[in-house]
Amino acid sequence: MKTPLLIAALFFSGFTFAQETRPDSAKTKNIEAVTLTKKVFKKESDRFVYDVASSPVAKGNTTFDLLKQTPLISTTDDKTLKITGKNNAVIYINGRKTNMDAESMVSFLKNTPAENIQKIEVITVPGSEFQVESSDGIINIILKKKMSDGLNGNMRMANSQDKFNASSASFSANYRKDKLGISANLNSGGNIRGQEYLLKNGNAKSSSESVGTVDDPNLSLGGYLNADYQLTEKSNIALTWNSYANRSYNSTVNLFNTIKYFDDASQSQVTTYTNSRNREDARSYNNSLNLNYELHTDSLGSKLLLNAAYLNFKRFQFTDNRTYAADIFGRDLGLEQTIIQNLPQVVNNFSGMADYIQKFKNDFTVSIGGNFNKTKTDNDTKSDTFITGQTPMSMPNHFIYDENILGLYLTAEKKFSEKFSGKIGTRYEMTKSLGTSDNASPEYRSIRQNYNNLLPYLSFNYALNDTNNLSYAFSSRMRRPSFWELNPVRNILTRDNYTQNNPFVKAASNYNQELTYMYRNSYFVILNHSYIKDEITQVPLQREIERDGVKYRQLAYIRTNFGTQQQMTASAGMQRTFFKQYLTSNFTLGFQHNIINGSLNTDPTTGQIFETYTNNRKSNSILIQTNNTLRLDKKKTWFLGVNYFFTDKQQIELGVLKSMMSLDLSIKKNWNDWTFALNLNDVLRTNIVEIEDVQPNGTYNYIKNDTFRQGGSLSIVYNFGNQKVKKVRTIEGASDEIKNRTR
């Protein structure tokens, strides 16, 4: 483990404090002779602000590349972005949540020039006015305001190679003429997501081991169309349509299983072998339409925002799972069991949102608003089991879920002086849901849940002096289950290994506190405490089952609410440039303390009893993360990127997650309107998931999952048109929160 320590020492060498210089007072009298230097990275009332326009990193980068260079933001797969210490990062543009699906958003970020970005705001503890869940953080991208009419856009082509080859292409355009603005994007891609698994579970007497591959081919087509029209000098109306389709046919799971059990008659351990072969065809469609109206009510910036939206999500999934008897060499000896499943899901959502922001002359702002979501999901599933020599069994289940959510919020923000500002607010949410099933046992045919939640928020920011800043924030949030988590279906992996969803899952409560200290807008220390009640997770339950007179181990991953979880983190980091802005570096060193307290022995959906699984454990771990960009020439056309992260082993709900790390390298060339980039990911091949758990009764569970993060990609981007065209106003969709729960 010398590598993490070596890299830590290397970048701590730059963790030195520069001497402060005072400007010559005589020169300040002539304003034309003064060079003003903006604060590139600073802490404001409830957010960190990265002033991209003042940073040399922006030149020649895409927005996605720029986000990877932003302090507190990281990516481990070059697709998803994370904020340090947060579950998820929600993307906002110009203060409004984006109404795009995940694939379209990645394409948008990777094809938007960083020169269009004014600043990036990282909101680690969002206020009551933001519609986010759990411990999510917000990345707010502020675009530059450019008023010229005309057309611009870009085209991007990329090819990557890990276990399999993948390719993608996209086209984006932005048009403005007088009062009308139109933007559009079309993107497509094809890949095979390869994985390798090693699964072990059991005890001293009986056990099961599965090893094999998962190959999931995907073809996708998506895009968006935004139209924004200025009705008057004070009002705008906009219509946004987003669409995404994905097809995954002939997705396969091939596992070789070694099963050991104790034979009472011979008083010895017997070993048998099987093959699990699973084939799946799936396709999904996600379409949403959003209508937005914005009215500015005064010259101070007060405004009214109204949104109405419709969302339709469809997923069709057909699986054919077969179990074959096998020999020690993995050769099939005969078919033992076949399970055919049809698992469709249809989600329809109607939603509305209203916000009013009133600004006063004495730096006082009041925001009030609300949202309503009405969602219906239809899950008409079918499952048929065929066992050699036995009568086929059919288990259909038509599950319909209706949910209504009404949310209201009120916030007040005040700047008391140049040094002190504060914000206080609360959010009240009322949730009513009903799940019905016409094929379940009587106790599961009608599941009704009604609950109300009051979610307060508080933050303040105090500038001790020009170089020292202190801030504190408290927030409470709900984390609602995704719709697929509520659908009570069983997904088969092997004959004795499956996952079980749960319609009884209720929303989890999350309480966050954060204390931040910043020095000279370059160095920061963050202390965070998060408490989660009724955490939503999968719990691994085991038991002995008897089949044909033989006792086997069964492993079920049960989706449910599982006890409480606490997480305490302490992070220290920096954002600085060195060597006359040739090197731009951000670095974070964190310490994390996890406490998990939960116990379960019953599947809440079926009532089946398992051996008790307990997780009453604590763990301490460290995090090292650094992102660095080295400019290789004076003309700012060649750039070298070196990114690295290390996470120590830590306790999670499933057991102990072992340490992971990744070293990523990139080189980029800007040539006129073209950008060429080569990226090498997980160079050391160390970004592999391993989870291990041993229970007090001797039962163990082990998971090793390799998703082949090691690989490379080559991309070419061409920017065309008038680069001064004003970006179309990006609108928050009223159904965005619901859309997140379909994934």
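Every value quoted in this text rests on a predicted model; they were computed, and no experiment measured them.
For Thr431 and Arg480, the side-chain atoms include at least one donor-acceptor pair closer than 3.5 Å. With no hydrogens or angles considered, no side-chain donor-acceptor pair links Asn287 and Tyr310 at under 3.5 Å. Side-chain contact of Thr699 with Glu611: a donor-acceptor pair under 3.5 Å is present, judged by distance alone. Looking at Glu653 and Gln538, their side chains never bring a donor and an acceptor atom within 3.5 Å of each other. Using a 3.5 Å distance cut-off with no hydrogens or angles, the side chains of Thr274 and Asn257 do pair a donor with an acceptor. Between the side chains of Gln195 and Asn705, at least one donor N or O lies within less than 3.5 Å of an accepting N or O. No side-chain donor from either of Asn278 and Thr319 sits under 3.5 Å from a side-chain acceptor of the other.
Using a 4.5 Å heavy-atom cutoff, the side chains of Asn502 and Asn561 are not in contact. The side-chain heavy atoms of Pro540 and Leu654, taken from C-beta on, include a pair separated by under 4.5 Å. Inter-residue side-chain proximity for Tyr401 and Pro503 is flagged as unmet; no heavy-atom pair is nearer than 4.5 Å. Side chains of Asn373 and Glu403 form no contact here, defined as non-hydrogen atoms less than 4.5 Å apart. At a threshold of 4.5 Å between non-hydrogen side-chain atoms, the residues Thr377 and Phe313 do not count as touching. Annotation: side chain of Thr213 is in contact with side chain of Lys163 (closest heavy-atom distance under 4.5 Å). Between Asn404 and Phe372 the shortest side-chain heavy-atom distance falls below 4.5 Å. The side-chain heavy atoms of Thr605 and Thr560, taken from C-beta on, include no pair separated by under 4.5 Å.
At distances below 3.5 Å, at least one donor-acceptor pair connects side-chain atoms of Asn379 with backbone N or O atoms of Phe399. Listed for the Asn185 side chain is no donor-acceptor partner under 3.5 Å among the backbone atoms of Ser170. The backbone N or O of Asp216 lies less than 3.5 Å from a partner atom in the side chain of Asn218, making a donor-acceptor pair. Of the possible polar contacts, none joining the Gln567 side chain to the Gln592 backbone as a donor-acceptor pair under 3.5 Å is found. With hydrogens and angles disregarded, a donor-acceptor distance shorter than 3.5 Å links the side chain of Thr494 to the backbone of Asn497. Formation of a donor-acceptor pair under 3.5 Å by the Asn512 side chain with backbone atoms of Asn528 is not found in this model. The backbone N or O of Ser160 sits less than 3.5 Å from a side-chain atom of Asn165, completing a donor-acceptor pair. Side-chain atoms of Gln500 do not come within 3.5 Å of backbone N or O of Pro604 as any donor-acceptor pair. Of the possible polar contacts, one joining the Gln695 side chain to the Thr614 backbone as a donor-acceptor pair under 3.5 Å is found. Counting only distance, with no hydrogens or angles, the side chain of Asp682 and the backbone of Asn687 share a donor-acceptor pair below 3.5 Å.
For Arg279 and Asp281, the salt-bridge test passes: some basic side-chain N is under 4.0 Å from an acidic carboxylate O. Asp603 and Arg543 are not joined by a salt bridge, as no carboxylate oxygen comes within less than 4.0 angstrom of a charged side-chain nitrogen.
The two residues Pro217 and Tyr249 come nearest to each other via the heavy atoms CG-O, 3.1 Å. Closest heavy-atom contact between Gln341 and Asn491: OE1-CA, 4.4 Å. The two residues Tyr451 and Ala507 come nearest to each other via the heavy atoms OH-CB, 3.4 Å. Contact between Ser476 and Tyr511 at its shortest, heavy atoms only, is CB-CD2, 3.6 Å. Nearest heavy atom pair, residue Phe708 against residue Asp706, reads N-OD1, 2.9 Å. Closest approach of Gln345 to Phe483, counting heavy atoms only: NE2-O, 3.4 Å.
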Test log, rule side-chain hydrogen bond (donor to acceptor under 3.5 Å, both in side chains), inputs Thr375 and Asn349: CA-CA 4 Å; Thr375 308; Asn349 168 261; 2.9 Å; yes
Stepwise side-chain contact (heavy atoms from CB on, under 4.5 Å) check, Gln337 with Ile492: CA-CA 12 Å; Gln337 175 182 279; Ile492 308 298; 5.7 Å; no
Worked check of side-chain hydrogen bond (donor to acceptor under 3.5 Å, both in side chains) between Asn201 and Asn701: CA-CA 4 Å; Asn201 68 280; Asn701 185 37; 5.7 Å; no
Steps toward side-chain contact (heavy atoms from CB on, under 4.5 Å) verdict (Asn290, Leu311): CA-CA 9 Å; Asn290 189 86; Leu311 167 69; over 6 Å; no
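Around the CE atom of Met660, the shell of radius 6.0 Å holds more than 12 heavy atoms that belong to other residues, nucleotides or ligands.
Ile340 meets the side chain to side chain contact (heavy atoms under 4.5 Å, CB included) test with Phe318, Asp320, Thr338, Phe386; sequence neighbours excluded.
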